[in-house]
Amino acid sequence: MKNLQFHYHKQPVLQNVNVQIELGKIIALVGENGSGKSTFLKLLANLLQPSSGQILLNGSETTRGSLATIAFMSDDQRFYPYLTGDQLFTFFETQFHDFQKAKAREMANYLRIDLTKKISKMSKGNISRLKLAATFGRDASYYLLDEPFSGLDPLVREDVVKSLIQFVDLEKATILMSTHEIDDVSRIIDEIMVLKDGKIIAHENVDDVRSVHGMEAKEWFRSFYKSKGRTEDE
Ligand SMILES: Nc1ncnc2c1ncn2[C@@H]1O[C@H](COP(=O)(O)OP(=O)(O)OP(=O)(O)O)[C@@H](O)[C@H]1O
């Protein structure tokens, strides 16, 4: 991303965002409510257009065509309510050439989802799990996940986090996920990106955080965010 800006009507939401996302990484996108995480992911997924600046994928600007390499999981809970899980997978097969029903079913099975049930009758946590199986059923290069753990209880989150590693070829793909649950993902992430008031205020490699600051990602994030808040408020 080069000098990316985004406004909703006249309200600036993202300002001067310059980041580079490499393949083969798991990245946590963190920041408080309203900091712009969903907007950022939607811009990357080409679902919103930047007000100015550029999003480059392998050196070229993203287009509708490049969506083929990007699998986006939204945090919208109103998700195809009239379909069953199985029908959803059949629909996804018609929408995405890289969708593999067998892979999606395997992940759904691992996450213990009843695919014969209508989505409108599923709990919030089960809808999140189904959305994950549908997203990772695709063979994409970039998986953009908006709050993938919303509605999941802590025990299930552990399984979900494990499945991320199991069902993605991390030699070839990147997972960028917004989360409020940094504790859950701190064991698997390579990088942490911090958004505050529409600006990326840090983008750190977790190994560097350990070696330079002598802290785990979650401790570093807490102390960093607090100190940033104080400096800006003063
Ligand atoms: N459709 C919209 N129209 C107008 N403003 C919007 C719209 N969607 C989001 N916003 C505003 O953009 C800003 C960033 O919202 P966004 O949803 O990207 O933040 P977020 O970090 O994902 O928040 P949360 O953690 O609560 O999901 C907020 O001020 C929000 O009110």
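Counting starts at 1 for both ligands and their atoms, following the listed order. As the structure is a computational prediction, the values presented were derived from the model and not from experiment.
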### Query
Side-chain donor-acceptor pair under 3.5 Å between S74 and D146, yes or no?
no
### Carboxylate-amine/guanidinium proximity below 4.0 Å for K199 and D197
no
## Note on the structure
min-distance protein heavy atom vs atom 23 (O) of ligand 1 -> G34 N, 2.8 Å
### Query
How about F40 and F6: do any of their side-chain heavy atoms sit closer than 4.5 Å?
no
### Message
Under 4.0 Å from atom 30 (C) of ligand 1, is there at least one protein heavy atom?
### Response
no
### Task
May I ask you to check whether N205 and D190 show a side-chain donor-acceptor distance below 3.5 Å?
no
### Message
Please evaluate residues D169 and K172 with respect to the criterion salt bridge (Lys or Arg N to Asp or Glu O under 4.0 Å), reporting the C-alpha separation (whole Å), side-chain torsions for both, the decisive distance (0.1 Å), and the verdict.
### Response
CA-CA 6 Å; D169 182 352; K172 291 192 278 182; 3.7 Å; yes
### Message
Closer than 4.0 Å to some heavy atom of V13 - which atoms of ligand 1 meet that?
### Response
12 (O), 13 (C), 14 (C)
### Message
Between K101 and T90, do the side chains contain a donor N or O and an acceptor N or O under 3.5 Å apart?
### Response
yes
### Atoms of ligand 1, numbered as shown, that sit under 4.0 Å from any heavy atom of H180
25 (O)
### Query
Among protein heavy atoms, which sits nearest to atom 26 (O) of ligand 1, and what does the distance come to when rounded to 0.1 Å?
N33 ND2, 2.9 Å
### Task
Can you figure out which of F6, F40, Y8 has its heavy atom closest to atom 4 (C) of ligand 1?
Y8
### Message
Contact between ligand 1 and S35 is defined here as a heavy atom of the residue under 4.0 Å from a ligand atom; is it met?
### Response
yes
### Message
Does any part of the side chain of D86, heavy atoms only, come nearer than 4.5 Å to the side chain of R105, both counted from C-beta?
### Response
yes
### Query
Short check: is a protein heavy atom less than 4.0 Å from atom 16 (P) of ligand 1?
yes
### Query
CG of L88 to NZ of K131: how many Å apart, nearest 0.5 Å?
10.5 Å
### Task
Check E32 against ligand 1 and report side chain, backbone, both or neither, counting heavy atoms closer than 4.0 Å.
backbone
### Task
Flag G36 as yes when one of its N or O atoms lies below 3.5 Å from any N or O atom of ligand 1, and as no otherwise.
yes
### Task
Check each of H9, Q11, H7, K37 against atom 25 (O) of ligand 1 and report the one with the nearest heavy atom.
K37
### Query
Where is the nearest protein heavy atom to atom 27 (O) of ligand 1: which residue, which atom, and how far?
S38 OG, 4.0 Å
### Message
Under a 4.0 Å threshold between the charged nitrogen and the carboxylate oxygen, would K42 count as salt-bridged to D75?
### Response
no
### Message
Once you restrict to heavy atoms under 4.0 Å, what part of T39 touches ligand 1? Side chain, backbone, both or neither.
### Response
both
